[in-house]
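Written out below as structure tokens is the structure these notes cover.
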Amino acid sequence: QLAKDGYQVVVENGAGMFSGFSDEAYQAAGCSILSRQSVIQKAQVLFSIEPPVRDFATMRGKIVISWVGRLLDTGKEIVKQATAAGVTLIDVTAVPRITIAQKLDVL
């Protein structure tokens, strides 16, 4: 839907390997397949299952949407590292588990 709405969607090569989606399937949906570094460089908003902490230094000014667990000790450390690197981190676990927010529920 994002590509249909005019957004350019870039996907890291091999990103769907463990979930059964080939690079070709992403391309058929209108996505461009790029290396990890190219995706980070080109994208303004990045989605990641786990926060890409090791890449924060290359993401200054980017928005990262991920499963952070900001209330846990490890999550607090991730938020601290993102802030220090100039990365805006959005924690998908912060979405309330109520009926109106079910479309956003990550569980």
Side-chain angles (χ1 to χ4, degrees):
Q1 183 63 44
L2 291 172
K4 289 179 184 176
D5 288 342
Y7 292 96
Q8 183 179 10
V9 179
V10 293
V11 177
E12 179 183 353
N13 58 332
M17 181 179 6
F18 295 113
S19 58
F21 293 98
S22 66
D23 289 348
E24 292 76 18
Y26 286 110
Q27 288 172 321
C31 303
S32 299
I33 306 299
L34 303 173
S35 69
R36 182 180 190 88
Q37 282 310 112
S38 293
V39 168
I40 292 170
Q41 182 181 17
K42 191 168 186 111
Q44 296 174 356
V45 179
L46 299 129
F47 295 87
S48 180
I49 302 298
E50 294 192 17
V53 176
R54 68 173 198 238
D55 295 313
F56 281 169
T58 63
M59 295 179 169
R60 179 168 293 283
K62 308 279 183 178
I63 298 170
V64 176
I65 301 171
S66 188
W67 187 297
V68 179
R70 76 207 182 290
L71 299 178
L72 303 173
D73 289 340
T74 54
K76 289 176 184 178
E77 182 58 31
I78 291 168
V79 169
K80 185 177 175 183
Q81 291 176 26
T83 301
V87 175
T88 299
L89 191 59
I90 298 175
D91 183 7
V92 296
T93 67
V95 176
R97 303 218 53 224
I98 58 175
T99 303
I100 197 166
Q102 277 187 334
K103 288 183 179 184
L104 302 174
D105 195 337
V106 295
L107 298 177

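In what follows, every heavy atom counts, from backbone to side chain, and hydrogens, waters and symmetry copies are set aside.
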Would a single hydrophobic cluster contain both Ile49 and Val10, if residues Ile, Leu, Val, Met, Phe, Trp and Tyr are joined by side-chain heavy-atom contacts under 4.5 Å?
no
Test side chain to side chain donor-acceptor pair (under 3.5 Å) applied to Ser35 - qualifying residues, sequence neighbours left out:
Ser38
Check whether Val53 and Val39 end up in the same hydrophobic cluster, where Ile, Leu, Val, Met, Phe, Trp and Tyr are linked by side-chain heavy atoms less than 4.5 Å apart.
yes
Kindly say whether Thr93 contributes a backbone atom to a donor-acceptor pair with the side chain of Asp91 at under 3.5 angstrom?
yes
Rounded to the nearest 0.5 Å, what separation is found between the CE atom of Met17 and the OG atom of Ser22?
11.5 Å
So, Lys62 side chain and Gln41 main chain: donor-acceptor pair closer than 3.5 Å or not?
yes
Are Phe56 and Ile90 co-members of a hydrophobic cluster defined by side-chain heavy atoms under 4.5 Å apart?
no
CG of Leu46 to CE of Met59: how many Å apart, nearest 0.5 Å?
5.0 Å
Donor-acceptor contact below 3.5 Å, side chain Ser48 vs main chain Ser66:
no
Throw together a table of side-chain donor-acceptor distances under 3.5 angstrom for residues 71-88, partners on residues two or more places apart or in other chains.
from	atom 1	to	atom 2	distance (Å)
Glu77	OE2	Gln81	NE2	3.2
Thr83	OG1	Val79	O	2.9

Please lay out, stage by stage, how Val92 and Ile65 fare under the test side chain to side chain contact (heavy atoms under 4.5 Å, CB included).
CA-CA 7 Å; Val92 296; Ile65 301 171; 3.5 Å; yes
Indicate the atoms forming the closest heavy-atom contact of Ala15 with Asp23, along with that distance.
N-OD1, 4.3 Å
Considering non-hydrogen atoms only, spot the tightest contact between Val9 and Ala3 and give its length.
CG2-N, 4.3 Å
Arg36: which residues meet the salt bridge (Lys or Arg N to Asp or Glu O under 4.0 Å) condition with it, sequence neighbours left out?
Glu12, Asp55
